[in-house]
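Since this is a predicted model, take the numbers as computed values, not measurements. The chains referred to below are lettered A, B, ... by the order of the sequence lines, with proteins before strands, and numbering in each begins at 1.
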Amino acid sequence: GDKEASDEKKDIIIGFGVGTYEEQFRNGILPLLEEQGYNVEIKVFSQNMQVNPAMAEGAIEASVFQSTAYMEGINDELGIDMVRLNYVPGAPQSLRSVNHEALDEVKDGSTVALPNDPVNQERAVRILEDLGWVKVAKDAGTTDFNINSVSAGDYDISFEILDPAQILASLEDVDYGVVNGNYIANSGQKISDGLAVEDTPMEHRIIVSVLAEDQDTEWAKDLKAAYESVAFEDYILSEGKFDGFILPEAWESN
Amino acid sequence: MFDTSITFGQFIQAIIDTLYMVGMSLLVGTIIGLILGILIVVTRPSGVVEMKWIYGILNPIINIVRSVPFIILLVAIIPFTRGIVGTSIGTTAAIVPLIIFISPFIARLVENSLLEVNPGIIEAAEAMGATPFQVIWYFVLPEAFGSLILSLTTATISLIGATAMAGTVGGGGVGDLAIVYGYQRFDTFAMVSTVIILITFVQVIQSIGNALARLIRRN
Amino acid sequence: MFDTSITFGQFIQAIIDTLYMVGMSLLVGTIIGLILGILIVVTRPSGVVEMKWIYGILNPIINIVRSVPFIILLVAIIPFTRGIVGTSIGTTAAIVPLIIFISPFIARLVENSLLEVNPGIIEAAEAMGATPFQVIWYFVLPEAFGSLILSLTTATISLIGATAMAGTVGGGGVGDLAIVYGYQRFDTFAMVSTVIILITFVQVIQSIGNALARLIRRN
Amino acid sequence: MITLRDVSKTYHRKKISTEALKKINLQIEKGDIFGVIGYSGAGKSTLVRLVNYLERPTSGEITVDGKHLAELNPHNLREIKKEIGMIFQQFNLLESKTIFQNVAMPLILAKTNKQVIQERVTELLAFVGLADKAASYPSELSGGQKQRVGIARALASKPKILLCDEATSALDPQTTQSILDLLKKVNEEYGITILLITHEMAVIQQICNKVAVMEEGNIIEKGSVVSVFGKPKHPTTKGFVQTVVKNELPFSIKTKLKKNQQQKLYRLDMIGDHTMESIFYYLFHTFQLQVTVVFTNMTEIQDSVLAVWYIQVEGEERNKQQAWSFLVENQVNVEEITI
Amino acid sequence: MITLRDVSKTYHRKKISTEALKKINLQIEKGDIFGVIGYSGAGKSTLVRLVNYLERPTSGEITVDGKHLAELNPHNLREIKKEIGMIFQQFNLLESKTIFQNVAMPLILAKTNKQVIQERVTELLAFVGLADKAASYPSELSGGQKQRVGIARALASKPKILLCDEATSALDPQTTQSILDLLKKVNEEYGITILLITHEMAVIQQICNKVAVMEEGNIIEKGSVVSVFGKPKHPTTKGFVQTVVKNELPFSIKTKLKKNQQQKLYRLDMIGDHTMESIFYYLFHTFQLQVTVVFTNMTEIQDSVLAVWYIQVEGEERNKQQAWSFLVENQVNVEEITI
Ligand SMILES: Nc1ncnc2c1ncn2[C@@H]1O[C@H](COP(=O)(O)OP(=O)(O)OP(=O)(O)O)[C@@H](O)[C@H]1O
Ligand SMILES: Nc1ncnc2c1ncn2[C@@H]1O[C@H](COP(=O)(O)OP(=O)(O)OP(=O)(O)O)[C@@H](O)[C@H]1O
Ligand SMILES: [Mg+2]
Ligand SMILES: [Mg+2]
């Protein structure tokens with residue numbers, strides 16, 4: 001991008017994956033940006049996989065769907081330089097069950113449903129690792145996290161690898177399942193009702209990412225400001241469906 | 001290039017899963033598809049046993065099922081799947097939506113093949129006092145056989161494509177391996193090798209289909 | 001029930017996107033599919049202009065393209081898509097993989113329809129000194145027209161199914177709305193309403209196809 | 001056996017409507033070999049197709065074996081159809097089955113025992129001269145061979161009624177003869193009733209006992225073959241009869257006679273045994289007339305012979321008058337002809 | 001115009017092989033109307049299909065208009081085919097096109113101007129009596145009507161050569177007559193060469209100048225129509241000739257004669273003008289014989305008349321001998337017949 005030109009830029013395209021982030025943006029951020037005269041186009045990708053390539057070819061200016069860890073993995077993978085602009089309110093994963101009341105009902109041979117994409121799968125496995133149910137190999141990656149790097153811990157768990165959206169619907173058919181927070185939010189349940197809730201490490205929190213070269217443009221600053229504004233915080237806190245979301249630390253200074 | 005995280009065992013399992021899913025859903029789907037296809041050909045206005053209400057029900061049902069994107073279908077019928085195979089996930093559970101996906105598709109291809117049969121043949125059958133079942137069984141199906149085989153070949157290959165989505169419900173299979181490893185994890189070796197396996201499947205099925213059809217058409 | 005997060009504008013946009021994607025890819029896909037289908041019928045052993053090498057190349061290419069799961073195809077041809085439409089995302093970019101997906105499928109259906117044409121008709125054409133092009137254009141295609149229309153109907157409906165995947169590359173459309181809202185967000189209203197729109201599409205297309213085919217077959 | 005009462009059939013498509021049959025009345029008795037003849041497009045095929053209800057009449061009533069077809073339920077209709085063999089004008093063979101299987105089809109439908117099928121089909125194929133083609137497919141047969149397969153198939157289930165739509169149109173005269181002999185044989189041995197559509201008067205001449213002549217959807221003449229052939233009334237019928245009973249002066253003879261028109265020309269027509277007698281002997285000897293035979297023809301129809309003589313006569317006028325009276329007394333029709 | 005030299009054609013499928021043609025030699029001159037007749041399955045259709053290379057010969061050489069078909073490239077082969085009209089035994093009409101469009105097809109292929117197509121097709125349809133069916137589809141036509149469409153289509157592009165495979169087999173005698181007249185007219189007016197396959201000897205009798213008789217893939221007899229009809233040599237040919245020249249005693253007469261076998265039976269054969277003379281007058285008056293005509297027939301072939309007489313004679317033996325000598329001198333063939 002041409003720096004001079006992007007300073008003046010008022011038309012921006014922002015890419016989203018599936019999740020609640022697009023909804024947060026549409027209701028909480030978009031009005032703020034429009035007030036400032038921005039003309040924002042929202043592009044939703046049903047496959048998260050496709051967002052970064054789109055950024056790489058300049059089809060979108062910013063994205064809200066990924067974690068820092070995933071972004072860094074992709075930077076290597078695609079040979080681009082994306083950076084984190086700010087954190088957004090993110091939904092932690094939770095370990096849930098409809099067949100069991102408690103975690104201690106786990107035993108050898110229990111089935112646990114995991115998401116099939118590498119980033120969510122890794123996060124899910126980390127929850128199990130924290131519980132001691134499994135062990136994870138040292139060299140397990142992030143963007144190419146692989147179920148083969150998981151071995152038995154306290155229990156010999158068998159996994160069902162499913163589409164993330166499927167897991168909630170399939171809980172009846174497994175002992176436990178790790179469900180992404182956005183699905184819980186959309187289904188009207190509470191994240192905190194999970195048997196175990198992810199303590200999302202910073203590297204797995206959802207961020208707004210832009211190309212490094214755009215980091216200091218006027219529109220990027222305005223975007224960041226909108227996410228850290230009181231108006232947005234009020235909106236998030238007023239919506240019941242965002243209960244249990246991990247909130248950006250930047251708000252603490254609001 | 002050979003830097004992959006898929007194990008040989010996973011490959012073999014995927015091939016077995018694909019064969020199992022395709023085989024079972026093709027078997028059941030062909031039966032249902034044939035029956036549906038025959039029914040809509042036979043009961044249509046000016047068909048062998050014109051029955052407007054059957055045609056009037058089946059025709060839109062086939063369309064409705066065909067309208068639903070496969071992934072939505074997968075979810076929508078979870079209770080049904082669970083009722084039939086006891087679970088909504090895994091290879092066996094994937095077969096149920098696959099059958100529901102492929103049956104109306106086969107029905108349409110069958111319909112098209114059967115409609116191409118020379119009406120004179122059907123007349124000859126009726127003149128012999130053949131029952132509607134006999135008309136179909138002894139006259140229409142054999143005459144349409146070459147075309148039916150090619151239709152089934154086409155359907156089988158579409159089915160292999162659909163099994164790739166079976167991973168959504170933990171069905172596994174080669175297509176799922178291609179998506180989960182090749183696509184989501186940028187594992188080029190996994191991508192290429194799974195696609196080669198798929199191509200081999202398709203090529204073998206198509207060759208068998210062509211050879212059978214040629215044998216039957218004798219041209 | 002009516003608690004949905006989709007706006008009316010999104011619905012309209014999705015319908016427009018679907019029509020655009022299906023329309024364009026059907027148009028181009030039909031042309032390519034017809035040409036491919038005709039070529040493999042004409043050049044096959046004992047075809048009108050037997051040319052083993054063309055058949056020997058096209059036949060496996062069609063199979064190879066058909067073997068690749070649509071989602072993999074989408075990714076695999078990104079450089080190609082970008083070369084053609086300048087971008088790999090968005091509705092227009094989704095059309096390229098849709099064409100590549102539907103063309104070989106149509107080719108197979110066309111092949112099947114054309115093979116059903118009475119060989120006597122082709123003989124009559126050859127006896128008149130018709131060129132291979134004329135044999136196809138004036139004799140084979142008109143005779144197969146009823147069947148071709150039904151085949152295209154089937155292909156169009158499969159195409160609508162495939163556009164649901166177009167969301168992967170930000171293509172939008174009704175199917176994508178169904179997946180993003182209905183499937184990913186459990187938005188029942190979105191799911192049901194989008195599926196109803198899809199059913200309407202399919203029903204309309206099928207009715208048109210059936211009516212045309214019936215008109216042509218006159219039975 | 002078969003009765004048609006006021007049967008009409010009209011085909012509609014868009015604004016075009018074709019009246020293929022117009023109030024047809026027809027009665028075919030058990031054991032008849034009933035011939036229907038007419039120009040191309042007269043409605044003959046439509047007529048047979050109505051008899052086994054492949055086509056429904058627009059109006060009128062069809063009875064087969066005492067049953068009103070319109071009143072039968074599908075099951076009973078099928079039962080009747082099983083008793084009716086049909087030979088199609090376009091053959092309608094199954095391309096995907098061998099000749100053997102094609103002929104076996106009616107037996108397979110009737111769930112006949114395999115052994116019996118084998119025997120019956122082999123016998124029929126031998127009958128129609130296609131024993132060596134049993135394993136061939138229809139696309140490998142000549143036109144006439146396909147037609148013979150159709151004939152064998154129609155006979156396979158020993159039907160009570162046989163409908164033949166141009167059953168020998170693709171066959172050479174010898175093969176036609178053998179097929180007609182076969183039809184006559186099944187008619188005599190099993191009492192099969194045959195409704196036979198043809199455009200060849202020779203076929204009717206050889207095996208039919210009754211005949212109907214159709215024109216533009218109407219039956220313009222019907223009756224026993226001998227009477228229709230002997231005394232055709234309608235011009236169309238005369239045209240058909242002439243194709244076998246060549247009782248008109250050939251063109252070349254006419255031209256010659258025209259050049260030399262002094263002498264009167266007489267036409268003598270007689271049926272049956274008269275031809276055996278030496279009537280000319282009487283003309284010469286008894287009436288002292290010198291007779292020149294310009295043209296003559298005799299045609300055998302159903303065990304009797306139609307004869308026609310075109311003669312020129314020289315002699316005394318009185319003798320001629322006596323001769324004519326003598327001939328008329330002997331059932332010979334005498335007519336003076338101008339060319 | 002058309003030459004076949006040592007042409008053979010064998011069909012193979014698995015282990016079955018059918019020798020449809022065995023070393024055929026044939027020469028058809030420009031302007032000929034060449035008839036080919038033979039039993040069903042004799043190889044007639046195979047023969048015509050080779051002439052326009054719809055089928056390739058297994059061995060042998062085919063020349064059309066001086067060009068070896070085997071040596072032509074596809075383009076030149078098509079050019080030749082454009083000059084050859086073909087009427088198919090199975091019609092091969094386009095089901096998806098109207099009758100008008102079917103007939104127009106060869107003209108459309110030749111990129112003829114629309115106006116000309118309209119005129120030519122209308123004229124042809126009127127010729128074959130289907131003017132009112134122009135907008136109909138083949139499935140709405142009777143068998144004979146379809147055949148006439150095939151004929152009109154073959155004539156549409158005014159070909160130099162016309163191949164007719166059983167072109168009138170589905171037609172009634174009157175329609176056949178009008179088609180044959182049409183063929184004769186195009187033959188005479190435009191000098192079209194016609195190769196005509198048929199199983200009806202009457203068709204050959206009416207328009208052909210030359211004829212070949214086929215049996216089991218061989219040509220067993222060929223020559224001018226008058227010579228082959230007048231003096232058929234091969235038994236098969238005799239069989240065919242008898243279908244039009246009814247010179248054999250009818251069955252019913254034979255039976256009667258058998259019962260009463262005292263008298264001798266003689267057969268008299270003569271060609272042409274003899275029939276005009278009053279030979280019987282001589283038998284009666286000069287030789288004092290009493291003659292009974294048992295059966296007689298005259299047939300017109302290509303402007304001459306063949307006559308046959310079966311007679312019984314009473315009179316003195318010496319007179320008979322004299323009479324026979326007189327007849328033989330006058331080119332009448334006399335033969336004693338035993339039944
Ligand atoms: N399905 C149809 N639709 C419209 N008209 C038809 C249909 N079938 C027959 N006809 C018309 O009805 C008339 C009688 O046809 P039919 O087939 O009975 O004639 P046919 O006497 O058998 O003639 P042929 O000797 O040529 O076979 C013809 O004019 C024909 O064009
Ligand atoms: N495609 C084929 N494959 C095998 N045998 C064939 C094929 N076509 C024809 N024959 C055989 O070749 C022989 C000659 O066939 P052809 O069609 O030339 O006979 P035809 O003289 O035209 O007879 P018809 O008068 O019955 O039409 C027949 O015995 C036939 O069965
Ligand atoms: Mg008819
Ligand atoms: Mg033939």
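- The side-chain heavy atoms of D:Thr296 and E:Met298, taken from C-beta on, include a pair separated by under 4.5 Å.
- Between D:Gly38 and E:Asp172 the shortest heavy-atom distance is O-CB, 3.9 Å.
- A distance of 9.0 Å separates CD of E:Glu166 from OG of D:Ser169, quoted to the nearest 0.5 Å.
- Contacts with chain D were tallied for E:Gln177, E:Gln174, E:Gln145; E:Gln174 has the most, counting heavy-atom pairs under 4.5 Å.
- Residue with the most contacts toward chain E among D:Ile37, D:Thr46, D:Ile311, D:Leu171: D:Leu171 (heavy-atom pairs, distance under 4.5 Å).
- Contact annotation for D:Tyr39: both backbone and side-chain heavy atoms come within less than 4.5 Å of a heavy atom of chain E.
- Looking at E:Phe91, the atoms closer than 4.5 Å to chain D (heavy atoms on both sides) all sit in the side chain, from C-beta outward.
- Here the side chains of D:Thr18 and E:Lys133 are in contact, with some heavy-atom distance below 4.5 Å.
- The environment of CD in D:Glu216 is sparse: at most 12 heavy-atom neighbours from other residues, nucleotides or ligands sit within 6.0 Å.
- Chain E forms the most heavy-atom pairs under 4.5 Å with one residue out of D:Lys44, D:Met201, D:Gln90, D:Gln147, and that residue is D:Gln90.
- The OG atom of E:Ser40 sits 7.5 Å away from the CG atom of D:Leu130 when rounded to the nearest 0.5 Å.
- Counting heavy-atom pairs closer than 4.5 Å to chain E, the top-ranked of the candidates D:His199, D:Gln242, D:Glu200 is D:His199.
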